[in-house]
Amino acid sequence: MKFEKITAAVFMAISAVGISAATAHAELAVTEQPTAVSAGDTTSGVDHGINYQITVSPVDRVIVSTVENGKFEIAQNGAVVLESSDGAAVTPTPTAEDIAQLNDISSYDRLKEQINKNLPGVVGGALVGGILGACMPLIWGISIPVGALIGGTIGGYVVGGPEFLDAVQAFAAGQP
């Protein structure tokens with residue numbers, strides 16, 4: 001009887017350590033994100049008869065746009081539109097659609113990508129978890145799938161790191 005109580009306490013302790021280790025991993029803090037335009041840079045020119053100057057603030061990295069012979073207006077759909085001095089809407093060239101195809105990436109798509117990227121770890125972890133789940137013969141219907149799911153998640157985290165865990169958490173939380 002004491003052996004069963006000790007075994008249950010050990011499994012609870014292992015679970016608690018495993019859960020806290022997965023959510024509280026140590027990483028170096030990122031102090032500065034890489035930017036395409038460095039702070040303090042200024043770009044200016046003329047496009048469609050509108051003089052413009054775009055500046056990135058060196059202090060707080062705010063982008064400031066100044067235009068002459070034109071103005072920014074809010075369109076009916078809520079988008080900000082640049083209009084020339086005669087009121088005609090100016091379409092910047094190139095547009096975002098010309099540069100890249102815009103995709104709506106859901107948390108499910110990110111999770112699929114991470115599972116495919118870290119497949120050996122996910123499969124290995126699922127096998128180990130399923131085998132450990134089979135150690136409870138009275139509740140095989142529950143313990144084997146749950147063990148495989150937990151083992152696959154741990155195996156994917158071991159191979160994929162924080163990116164894999166972020167994708168799993170986003171999917172589990174129902175984030176878009």
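Using a 4.5 Å cut-off between side-chain heavy atoms of Ile, Leu, Val, Met, Phe, Trp and Tyr, with links allowed through other members, Leu149 and Leu111 fall into different hydrophobic clusters. Criterion: ILVMFWY side-chain heavy atoms under 4.5 Å apart, direct or through other members. Under it, Ile154 and Ile131 are not part of a common hydrophobic cluster. Linking Ile, Leu, Val, Met, Phe, Trp and Tyr residues whenever their side-chain heavy atoms come within less than 4.5 Å leaves Val146 and Met136 in two separate clusters. Under a hydrophobic-cluster definition in which Ile, Leu, Val, Met, Phe, Trp and Tyr are linked whenever side-chain heavy atoms come within less than 4.5 Å, directly or via other members, Tyr157 and Phe171 are assigned to the same cluster.
Listed by chain and number, the residues in a side chain to side chain contact (heavy atoms under 4.5 Å, CB included) with Ala172 amount to none (sequence neighbours excluded).
Just one of Gln114, Glu113, Gln169, Lys117 meets the side chain to side chain contact (heavy atoms under 4.5 Å, CB included) condition when paired with Phe164; it is Gln114.
Considering every non-hydrogen atom in both Glu68 and Ile50, the closest pair reads O-CG2, 3.4 Å. The two residues Trp140 and Pro145 come nearest to each other via the heavy atoms O-CD, 3.7 Å. Considering every non-hydrogen atom in both Gly133 and Ser143, the closest pair reads O-OG, 2.6 Å.
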Hey, can you pull the donor-acceptor pairs under 3.5 Å for the side chains in residues 121-128, sequence neighbours left out?
none

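Residue-environment remark: CD (Glu163) stays at or below the threshold of 12 foreign heavy atoms within 6.0 Å.
Of the possible polar contacts, one joining the Ser107 side chain to the Gln175 backbone as a donor-acceptor pair under 3.5 Å is found.
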